[in-house]
Amino acid sequence: MFVALKYTPFISAISQVTKVKGKYIFLFISLVFAFGLISTSLNYIDLYTVKLAVENNEVQKIKGCIANYEVNQSNSRSESFSISGIAFKYNDYGTEKYFFANRQHDSFIKNGRCVVIAFIPSSSNNIIKIDKV
C-alpha cells in the first residue's frame with residue numbers, strides 16, 4: 001500500500017515542490033488523518049455519554065435563583081454559581097455538548113436571576129439546558 005501511495009500524483013507533486021521525500025509526506029498526511037479520526041471519535045464518545053445519560057433518565061432539573069455568581073479570568077473565562085446548594089461551573093472554552101459562556105460575555109446569568117437548569121449530576125454538574133423563569 002505504501003508503494004502505491006508513494007507514487008500518487010498528489011504526493012509526487014508535494015515532494016517536488018517541498019524537496020521532501022514522499023515517504024515523509026505520506027507519514028505526515030497519515031498522522032494528520034489519524035489525529036482527525038481520533039479527535040472525531042473522542043468527541044462522538046463524549047456526545048454518546050450525554051445521550052445515554054438522557055436516555056437513562058440521569059438528567060436532573062433544578063429550579064431556583066442564582067447565588068454566589070463569580071467570574072474568574074485567566075487565559076480563559078470561567079463562571080460559577082449555585083442554586084439551592086448545588087454548585088455549577090462552566091467556561092468560555094467549553095465543548096458544545098455542555099453549556100458554556102459566550103465569548104462576548106453578555107450572559108443572562110446573574111445573582112438573583114431565577115432559572116430552571118437541566119444537568120447531569122456529577123462532580124462538575126454539567127449543564128445541558130438552562131431556561132429563565
Side-chain angles (χ1 to χ4, degrees):
M1 182 171 142
F2 174 71
V3 174
L5 290 173
K6 181 179 176 184
Y7 297 106
T8 62
F10 177 70
I11 291 178
S12 296
I14 293 174
S15 179
Q16 289 173 359
V17 170
T18 62
K19 307 292 187 225
V20 175
K21 290 184 179 181
K23 66 181 179 181
Y24 296 120
I25 294 170
F26 176 74
L27 179 63
F28 176 75
I29 292 170
S30 298
L31 289 173
V32 169
F33 178 77
F35 176 76
L37 183 64
I38 290 168
S39 176
T40 302
S41 298
L42 290 174
N43 190 38
Y44 177 76
I45 290 169
D46 288 343
L47 291 173
Y48 186 71
T49 58
V50 172
K51 179 180 181 273
L52 283 178
V54 171
E55 288 175 351
N56 294 331
N57 294 321
E58 295 173 7
V59 175
Q60 293 183 5
K61 283 189 177 184
I62 186 169
K63 182 178 180 179
C65 297
I66 295 172
N68 305 318
Y69 175 69
E70 292 182 14
V71 175
N72 300 315
Q73 297 245 190
S74 56
N75 290 340
S76 61
R77 175 181 164 129
S78 64
E79 300 178 21
S80 61
F81 64 91
S82 64
I83 296 178
S84 301
I86 298 177
F88 297 95
K89 185 175 182 179
Y90 54 92
N91 54 56
D92 66 1
Y93 58 90
T95 55
E96 296 176 8
K97 64 185 175 295
Y98 300 119
F99 183 81
F100 63 98
N102 185 325
R103 290 192 185 271
Q104 295 175 359
H105 308 302
D106 292 333
S107 177
F108 68 92
I109 297 178
K110 299 184 181 350
N111 279 324
R113 168 116 344 123
C114 296
V115 294
V116 175
I117 296 180
F119 67 100
I120 299 174
S122 65
S123 60
S124 55
N125 292 331
N126 296 315
I127 299 170
I128 296 177
K129 183 178 179 184
I130 187 167
D131 290 315
K132 296 179 190 177
V133 175

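The figures that follow rest on heavy atoms only: side chains count, while hydrogens, waters and symmetry mates do not.
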Using a 4.5 Å cut-off between side-chain heavy atoms of Ile, Leu, Val, Met, Phe, Trp and Tyr, which other residues end up in the same hydrophobic cluster as V133?
V116
Under the 3.5 angstrom rule, does the side chain of S30 hit a backbone N or O of F26 as a donor-acceptor pair?
yes
Should Y90 and I109 count as side-chain neighbours, where that means a heavy-atom distance under 4.5 Å?
yes
Is there a chain of hydrophobic side chains (I, L, V, M, F, W, Y, each step under 4.5 Å between heavy atoms) that links V71 to I66?
yes
Partner residues of K132 under the side-chain contact (heavy atoms from CB on, under 4.5 Å) criterion, sequence neighbours left out
F108, R113
With sequence neighbours left out, write down each residue that passes side-chain contact (heavy atoms from CB on, under 4.5 Å) with N68, or none if nothing qualifies.
S82
Can you tell me which residue pairs pass the salt bridge (Lys or Arg N to Asp or Glu O under 4.0 Å) test with a partner in residues 52-70, sequence neighbours excluded?
K51-E55
If I take atom CD1 from residue I128 and atom CZ from residue F119, how far apart are they, to the nearest 0.5 angstrom?
9.5 Å
From I29 atom CD1 to Y24 atom OH, the distance as rounded to the nearest 0.5 Å
15.0 Å
Residue set satisfying side-chain contact (heavy atoms from CB on, under 4.5 Å) with T18, at least two apart, ordered chain then number -> I14, V20, I25
How many angstroms lie between NZ in K110 and OH in Y69, if you round to the nearest 0.5 Å?
6.5 Å
Who are the side-chain contact (heavy atoms from CB on, under 4.5 Å) partners of F28, not counting sequence neighbours?
V32
side-chain contact (heavy atoms from CB on, under 4.5 Å) with N125: which of I86, I62, I83, I117?
I86
List the atom of V59, the atom of A118, and the distance in Å for their closest heavy-atom pair.
CG1-CB, 4.0 Å
